[in-house]
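Have a look at the structure below, then the notes.
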Amino acid sequence: MNRQILTTAASKIGLTLAVILLLVWSVGPIYWSLVTSLSSPTDMVSATPHFWPPTVTFEHYAKLLGASSLSQGNEVQSVWPQFSKAFLNSLVTSIASTVLTVLIAAFGAYAFVRLRFPGRDLLFILVVATLAIPAYTVMIPLYRLMISLKLIDTYTGVTLIYVSAFLPLALWLMRSVYQAMPVSLEEAAWLDGASKTYTLVRIVMPLAAPGLIASAILTFLNAWGQFMIPLVFSPTLATKPLTVLIPEFVTRNYVDYGLMNAAGILAIIPPVLLVLFLNRYLVQGLMAGASK
């Protein structure tokens with residue numbers, strides 16, 4: 001009996017330690033970024049580390065959002081024009097690629113499940129297999145293609161690259177969702193004279209909403225966090241996102257850690273809000289094919 005109690009207590013302690021370690025590993029960097037963004041330059045170079053800034057300052061956020069500041073007696077101009085433009089660029093490319101990816105996946109996955117055509121399964125395997133291709137292996141030919149199409153540093157070019165990169169995952173997810181749905185609902189609509197397109201839009205897609213939302217969340221998060229693709233295909237501020245702008249706060253003689261971390265904290269707000277409000281749909285969508 002005592003041995004069983006000790007075993008149970010040890011398992012609970014081990015589980016608690018594992019959860020704490022996971023939280024520290026996941027939330028620790030975000031917390032430290034928040035602390036750094038609220039610290040003054042003097043506190044950041046202090047020999048004694050602080051788990052909370054001795055003097056909380058919002059000068060880094062003020063500089064991001066439009067106010068000028070003083071550094072070593074010199075006035076430092078606000079980076080709001082660059083930050084706001086990069087924030088808008090991130091929103092435009094992420095939302096556009098999400099809408100296109102989910103729309104194409106909704107119709108394409110339905111075709112892979114319900115329609116019969118030669119090479120259907122082979123074509124789906126080839127599309128999903130592109131997930132295993134490293135991005136850097138196609139970077140040079142893709143860059144040459146974008147140059148020939150005059151799509152470098154354009155919203156259209158970046159969005160199309162995102163769609164081509166994230167569409168296979170969305171197709172795979174939506175195919176699992178459609179396969180788990182009973183075909184009897186669609187057959188009843190077909191007997192009543194409904195077309196396949198009408199059935200898909202008015203009957204199937206509303207029932208597949210968790211899968212569509214899960215695909216949208218995954219696509220948006222992937223697009224929002226992209227660095228290598230916009231680094232190559234968005235060389236100017238016209239389409240440069242936050243992920244590329246923030247590292248540029250590092251200058252030749254000075255690294256503005258406070259400004260970089262403040263920008264990072266603001267940059268994670270949209271994806272965090274998206275996941276918080278739509279988290280239950282993400283779980284339902286990912287588990288949709290499990291009960292087939």
Side-chain angles (χ1 to χ4, degrees), residues 93-94 96-146 148-149 151 156-191 194-223 225-226 228-229 232-233 281-292:
T93 54
S94 298
S97 60
T98 299
V99 171
L100 283 176
T101 299
V102 173
L103 185 63
I104 297 173
F107 285 88
Y110 186 80
F112 280 120
V113 174
R114 296 291 188 252
L115 302 184
R116 305 295 180 186
F117 53 89
R120 183 188 65 172
D121 295 335
L122 177 60
L123 180 59
F124 178 78
I125 292 174
L126 292 176
V127 171
V128 175
T130 59
L131 291 171
I133 301 177
Y136 57 82
T137 59
V138 298
M139 193 66 68
I140 294 178
L142 187 58
Y143 188 79
R144 292 176 63 89
L145 177 63
M146 290 292 107
S148 63
L149 296 176
L151 293 178
T156 302
V158 177
T159 300
L160 289 177
I161 295 174
Y162 285 170
V163 171
S164 65
F166 309 139
L167 181 59
L169 178 61
L171 276 173
W172 173 79
L173 177 60
M174 290 308 303
R175 182 174 179 264
S176 300
V177 172
Y178 290 146
Q179 286 179 331
M181 297 177 61
V183 71
S184 57
L185 296 175
E186 301 162 56
E187 291 175 343
W190 296 337
L191 290 175
S195 64
K196 289 184 179 295
T197 303
Y198 180 90
T199 303
L200 172 61
V201 175
R202 300 299 298 271
I203 298 176
V204 177
M205 290 180 64
L207 296 175
L212 294 172
I213 295 176
S215 300
I217 294 175
L218 294 175
T219 303
F220 183 88
L221 293 179
N222 284 322
Q226 278 296 311
M228 185 170 62
I229 290 176
V232 175
F233 297 95
Y281 296 104
L282 176 62
V283 176
Q284 292 177 12
L286 294 177
M287 296 297 293
S291 59
K292 179 183 175 183

Assess whether side chain to side chain contact (heavy atoms under 4.5 Å, CB included) is satisfied between L207 and L185, documenting all intermediate values. CA-CA 11 Å; L207 296 175; L185 296 175; 3.5 Å; yes
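- Contacts of S148 classified as side-chain contact (heavy atoms from CB on, under 4.5 Å), with partners at least two apart in sequence or in another chain: L145.
- A 4.5 Å side-chain heavy-atom check between L167 and W172 finds every atom pair outside the cut-off.
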Does the side chain to side chain contact (heavy atoms under 4.5 Å, CB included) test come out yes or no for Y110 and R175, once each step is laid out? CA-CA 7 Å; Y110 186 80; R175 182 174 179 264; over 6 Å; no
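- Residues meeting the side-chain contact (heavy atoms from CB on, under 4.5 Å) test with T156, sequence neighbours left out: L151, T154, L160.
- To the nearest 0.5 angstrom, S215 atom OG is 12.0 Å from L103 atom CG.
- The shortest heavy-atom contact between A105 and A170 is CB-CB, 3.7 Å.
- The two residues Q226 and I229 come nearest to each other via the heavy atoms OE1-CD1, 3.6 Å.
- Taking OG from S94 and OH from Y162, the interatomic distance works out to 6.5 Å, rounded to the nearest 0.5 Å.
- In this structure, V177 and G211 approach most closely via the heavy-atom pair CG2-CA, 3.9 Å.
- In this structure, the side chain of S164 engages the main chain of I161 through a donor-acceptor pair within 3.5 Å.
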Could you tabulate the donor-acceptor pairs under 3.5 Å formed by side-chain atoms of residues 116-129, not counting sequence neighbours?
| from | atom 1 | to | atom 2 | distance (Å) |
| --- | --- | --- | --- | --- |
| R120 | NE | F112 | O | 3.3 |
| R120 | NH1 | F112 | O | 3.3 |
| R120 | NH1 | V113 | O | 3.3 |
| R120 | NH1 | L115 | O | 3.0 |

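- By the side-chain contact (heavy atoms from CB on, under 4.5 Å) test, L212 is found to be paired with V102, A106, M174, M205, residues two or more places apart in sequence or in another chain being considered.
- Across all non-hydrogen atoms, the minimal contact from A214 to L173 is CB-CD2, 3.9 Å.
- Here R114 pairs with E186 under the salt bridge (Lys or Arg N to Asp or Glu O under 4.0 Å) rule; sequence neighbours left out.
- Here I217 contributes atom CD1 and N222 contributes atom CG; the two are 12.0 Å apart, rounded to the nearest 0.5 Å.
- For the atom pair Y136 OH and L142 CG, the distance stands at 15.5 Å (nearest 0.5 Å).
- With a 4.5 Å cut-off on side-chain heavy atoms, V201 and F107 count as touching.
- Rounding to the nearest 0.5 angstrom, the gap separating the CZ atom in F166 from the CG atom in L100 is 12.5 Å.
- Sorted by first and then second residue, the salt bridge (Lys or Arg N to Asp or Glu O under 4.0 Å) pairs involving residues 199-210 (not counting sequence neighbours) form an empty list.
- Here the OG-CH2 distance, from S195 to W190, works out to 10.5 Å after rounding to the nearest 0.5 Å.
- Considering only residues two or more places apart in sequence or on other chains, Y143 meets the ring pair (Phe, Tyr, Trp, His ring centres under 6.0 Å) condition with F233.
- Not counting sequence neighbours, the partners of A194 by the side-chain contact (heavy atoms from CB on, under 4.5 Å) test are A189, Y198, T199.
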